[in-house]
Amino acid sequence: MKYNPEQIETKWQKVWAEEKTFIVPNAEPGAGLKGKGADATYVLEMFPYPSGSAHMGHVKNYTMGDVIARFRRHQGQRVLHPMGYDAFGLNSENVAIKTGEPPGKFTEEAIATINRQLRRLGVAIDWSREVVTCRPEYYKWTQWLFLQFYKKGLAYKKEAPVNWCPSCQTVLANEQVIEGACERCDSLVAAKKLTQWFFRITDYAERLLRDFDKLESWPERVVTMQRNWIGKSTGADVVFAIPLVRGDRGDAPVPGATVNVTVFTTRPDTLFGATFFVLAPEHPLVEDLVRGQEREQEVMLYVAKAMGTSAIERASIEKEKTGIFTGRYAVNPVTGGKIPIFVADYVLMEYGTGAIMAVPAHDERDFAFAQKYGLEVVEVISTPAEFKDESGRLTSAYAGDGVLVNSGHFNGLSKAEAIVKVTEWLRDQGKADFAVNYKLRDWLLSRQRYWGAPIPILYCDKCGEVPVPEDQLPVLLPEITDYAPKGMSPLAAAEQWVNTTCPQCGGPARRESDTMDTFVDSSWYFLRYASPWRSDVAFDREAVDYWLPVDQYIGGVEHAILHLMYSRFFTKVLYDLGLVGFEEPFKNLFTQGMIYHKGAKMSKSKGNVVSPDEMVAKYGADSVRSYVLFMGPAESDAEWNDQGIEGIYRFLGRVWRQVTEAVDEGIVGPSAPGGRPADVAFDQETPTAAERAVLVKTSQVVQKATVDVGQRFRFNTALAAIMELNNDIAAARTAGLARNEAGRAVLRHALETTVRLLEPFAPHMGAELWQLMGYGAIWDEPWPQPDPRFLALETVEMAVQINGKVRDRVEVAKDAPTRDVLAQAKSLPGVAKYLEGKTLVKEVVVPGRLVNLVVR
RNA sequence: GCGGGUGUGGCGGAAUGGCAGACGCGCAUGCCUUAGGAGCAUGUGUCUUUGACGUGGAGGUUCGAGUCCUCUCACCCGCACCA
């Protein structure tokens with residue numbers, strides 16, 4: 001019987017669908033369950049964005065999750081392994097703009113395609129829990145969650161300079177801007193001042209940092225990336241006074257009157273060296289300071305120019321810093337000295353207060369600026385000579401440690417001491433306080449696009465901003481005909497939909513026409529899986545308590561910040577709202593590497609796409625699944641190799657042949673003697689050396705595969721071990737192990753074990769061979785256990801080294817005493833000749849491994 | 001610039017401080033076959049081959065280093081004027 005993957009795979013896929021094999025009910029309601037079920041495991045892969053069809057990256061992602069899910073089921077866990085679609089978003093909308101067809105149509109077609117592909121891959125998914133974010137039964141609850149955030153003051157509207165993508169015709173979150181360009185289309189992002197909706201994620205900055213401790217296993221680099229993104233720095237807020245001058249407020253300034261500006265600094269210890277002051281071009285104070293003053297025109301011209309410069313250009317570090325003197329001065333709060341105020345584009349309005357104190361001696365950027373504009377440089381931290389020229393002038397800024405100098409009564413303090421002392425001193429005068437600053441900005445969630453969940457807010461002339469009452473949810477997307485963006489959401493043009501009545505006063509009201517960022521949809525989908533059928537709540541609390549948090553989350557590293565941080569934020573808010581009982585949604589995270597082909601990421605434009613459908617048609621799902629995991633460590637990027645899958649296909653063919661032949665020979669299968677496979681224990685008194693070798697190999701491979709799959713996620717080495725086992729079985733059969741009953745029993749055990757270990761990777765072949773062996777549902781079998789009696793061979797071959805070089809080998813009993821091993825080793829002819837006439841200095845014996853004799 | 005990572009045969013990759021190159025691909029030779037992008041067997045790091053050398057490079061620790069430490073080079077990823 002030839003291995004025919006197509007035939008057996010469709011056969012078993014049908015069985016799994018008809019028998020609802022992988023549909024896992026929730027625990028009985030009210031079964032007294034509180035909290036996570038001891039037998040509950042939640043394995044989740046990031047759900048796909050349905051843009052056409054699944055690619056090899058998806059195949060790898062979902063296969064990996066499937067292997068883990070099937071493995072844990074074998075270990076006796078109830079496994080929640082659901083699937084859904086992140087179905088709102090620009091891709092479908094752009095198709096709609098081109099074709100004029102509703103985006104939902106394209107989306108549903110893509111979903112049907114990916115659905116079919118995943119089923120054809122044999123992924124063990126509970127399809128009864130499918131979640132699709134663009135369907136009203138889902139986005140109703142996205143809107144409901146928005147309203148909960150809104151009620152808590154965590155969703156708010158404000159006017160702010162935002163990132164505008166001129167091509168996508170919508171605003172973007174900070175996280176979606178990569179090097180000044182739109183992450184979707186690479187267009188240069190422009191700064192635009194607009195009124196937009198935000199989530200107050202900055203309120204959670206500290207907890208997002210702190211709760212990394214609550215995670216079990218996340219890749220270090222993902223944590224680091226989030227940490228950097230949140231960008232916490234500690235220091236002080238320091239108030240600088242700017243004396244008013246003639247023309248500021250009426251014509252006669254009150255003597256001593258000032259306007260105060262706060263700056264954030266991480267280096268309050270260097271305050272004595274603050275020789276100038278800089279405002280960002282966008283800083284509102286700039287206009288006030290120069291109004292009616294001599295330099296007004298010049299400064300405002302500079303401001304206009306700076307604001308017209310693209311974000312990338314401005315951010316480019318190579319670019320020379322520019323700036324302009326305002327003609328005004330600020331008072332250094334520690335020295336009382338007047339320092340000039342500049343406007344410069346190296347100061348960013350988005351960070352801190354948009355104003356800085358400049359300490360050129362100890363800050364590289366300030367130093368460069370001071371050099372260019374001939375500003376004073378005062379050393380206040382003792383600086384090593386390498387940073388100075390012969391005359392003792394600083395040649396570059398020194399940011400390192402040192403002792404304070406030129407700093408009045410703080411002289412002699414260390415940097416760390418001074419940071420505290422200077423801040424305290426100023427705090428007592430009301431001029432400073434300790435402060436923490438974050439790089440993280442609030443999450444801009446509104447989008448001027450059609451294909452998203454409408455923001456459930458109304459604007460009434462009388463009542464103002466009014467949330468849509470919960471019982472009126474969902475706010476359905478209206479059907480429209482023109483999807484093209486025009487700088488406003490296409491929804492704004494749907495007059496019938498936009499114009500509505502105010503639920504509070506009954507008067508006319510207009511709907512918010514912006515929709516939500518799709519990352520809102522994906523920030524809670526993992527909760528919906530617990531009870532997607534509930535139409536009365538977003539999720540069933542008891543079911544969520546039972547299944548969540550997610551035990552193993554798997555996806556691409558490209559979501560390290562966006563999706564993963566937003567989901568963490570959502571979970572914390574829901575925790576604060578009392579809606580869930582945990583603060584971190586994903587206990588363990590695994591980020592898989594990408595699959596490349598011909599040296600590049602697969603993409604249609606490069607023409608280097610390997611189609612999963614074609615590969616499945618040619619080699620079968622089992623081969624494709626096994627190959628994507630055999631390519632290399634799952635977390636590494638890997639290059640697709642057509643000959644590689646060929647090799648795996650041949651391997652599966654060899655297993656197939658090996659087992660079917662054994663069935664024909666009556667070694668395994670209904671006609672073979674023996675009981676249930678799980679009971680096979682090997683009770684022959686003394687196996688022969690050949691039998692023992694196979695038994696030992698089997699147990700060792702069970703042990704390795706269990707650790708590799710269950711703990712290390714090293715599927716490639718697990719498969720390699722199974723290949724070794726299969727090779728050894730083949731060799732043993734060739735050598736005549738099947739000659740007698742004992743040998744046949746050993747072979748039977750080894751073959752059955754091979755099939756069971758291979759089954760998570762190649763579930764169809766596993767099911768088919770298991771059936772041919774006369775057994776039932778392999779997916780419900782317990783995972784094989786190694787037999788402790790057969791974890792090591794009776795004798796081991798040890799290397800014998802002289803001075804670290806292998807000179808001979810010795811065969812000894814596995815637990816031979818060191819003394820005997822040494823004696824045997826020394827008597828070896830290949831060793832004795834090196835010992836002759838030398839002094840033995842040291843003897844090292846590593847049991848079971850090697851002997852090292854050090855001679856001189 | 002800062003942070004993180006990776007460098008091992010012709011290729012993908014294995015190796016709790018203990019015999020470097022498991023497993024797979026490719027290649028070679030032979031067998032089988034009407035045929036082979038099938039199967040089987042054997043071999044396959046390099047070299048000046050009784051042996052020596054080999055994990056990007058240079059040092060170090062150790063009886064012993066791909067693995068630990070120091071320096072260095074190359075490449076990749078993330079952040080990037082963050083005060």
Side-chain angles (χ1 to χ4, degrees), chain A residues 2 178-180 219-229 231-233 235 238 263-267 270 274 278 280 314-321 344-348 350-359 362-366 368-369 399 437-440 557-558 560-561 618 626-627 630-633 635-651 653-654 657 704 714 716-727 730-731 734 797-809 841-855:
Chain A
K2 210 176 158 276
I178 312 295
E179 287 177 20
E220 196 49 47
R221 65 173 178 149
V222 173
V223 173
T224 305
M225 280 163 77
Q226 289 199 9
R227 203 168 257 141
N228 291 342
W229 186 261
K232 178 179 182 175
S233 27
V238 181
V263 302
F264 173 75
T265 178
T266 54
R267 297 294 305 275
T270 63
V278 191
R314 230 183 108 174
S316 149
I317 199 157
E318 289 82 27
K319 181 184 150 285
E320 205 180 321
K321 300 184 191 334
D345 62 359
Y346 80 95
V347 174
L348 310 172
E350 305 89 77
Y351 186 77
T353 61
I356 63 158
M357 65 178 216
V359 184
H362 305 292
D363 182 283
E364 233 177 277
R365 298 149 300 173
D366 297 344
F369 193 81
N437 223 300
Y438 299 94
K439 218 178 79 176
L440 183 70
V557 77
E558 64 273 18
I561 295 174
K618 195 165 172 187
S626 303
Y627 178 57
F630 185 66
M631 290 172 81
E635 68 272 22
S636 321
D637 293 343
E639 176 90 19
W640 179 273
N641 180 347
D642 286 326
Q643 281 162 338
I645 189 166
E646 203 72 58
I648 284 284
Y649 176 69
R650 288 204 293 258
F651 162 65
R654 279 196 293 275
R657 194 153 13 87
K704 177 156 180 62
R714 295 296 281 264
N716 55 329
T717 51
L719 277 164
I722 298 167
M723 288 174 179
E724 284 185 51
L725 176 57
N726 190 55
N727 291 346
T734 308
E797 189 186 68
M798 290 172 70
V800 181
Q801 300 181 330
I802 305 294
N803 291 346
K805 285 189 166 54
V806 180
R807 296 300 181 185
D808 210 335
R809 296 167 183 287
V841 188
K842 189 168 179 140
E843 298 165 336
V844 181
V845 177
V846 184
R849 297 259 183 197
L850 56 70
V851 174
N852 189 15
L853 302 173
V854 185
V855 299

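Side chains included, hydrogens not; waters and symmetry mates left out as well; all remaining heavy atoms used. Residue numbers begin at 1 in each chain, while the letters A, B, ... track the order of the sequences.
For A/Asn228 against B/C79, no side-chain N or O and base N or O form a donor-acceptor pair under 3.5 Å. Contact annotation: side chain of A/Arg849 to base of B/C19, donor-acceptor pair absent below 3.5 Å.
The glycosidic torsion of B/G57 lies more than 90° away from 0, placing the base in the anti range.
For the side chain to side chain contact (heavy atoms under 4.5 Å, CB included) with A/Arg807, the lone residue among A/Leu853, A/Ile802, A/Val800 that qualifies is A/Ile802.
Among residues two or more places apart in sequence or in another chain, the side-chain contact (heavy atoms from CB on, under 4.5 Å) test is passed with A/Ala355 by A/Val261, A/Val263, A/Phe277, A/Leu279, A/His283, A/Thr353.
Between B/A83 and A/Arg267, no contact under 4.0 Å exists linking OP1 or OP2 to a side-chain N or O. In this model, the phosphate group of B/C79 is not approached by any side-chain N or O of A/Arg221 to a distance below 4.0 Å at OP1 or OP2. OP1 or OP2 of B/G78 has not a single side-chain nitrogen or oxygen of A/Thr224 nearer than 4.0 Å.
Counting heavy atoms from C-beta on, the side chains of A/Val854 and A/Glu843 never come closer than 4.5 Å.
Looking at heavy-atom distances under 4.0 Å, A/Asn716 makes contact with sugar-phosphate atoms alone, never a base.
Across all strands shown, B/U62 remains unpaired; no Watson-Crick or G-U wobble contact has both distances below 3.5 Å.
Taking a 6.0 Å sphere around CD of A/Glu364, one finds it holds 12 or fewer heavy atoms contributed by other residues, nucleotides or ligands.
The distance from atom NZ of A/Lys704 to atom P of B/C23 is 12 Å, rounded to the nearest whole Å.
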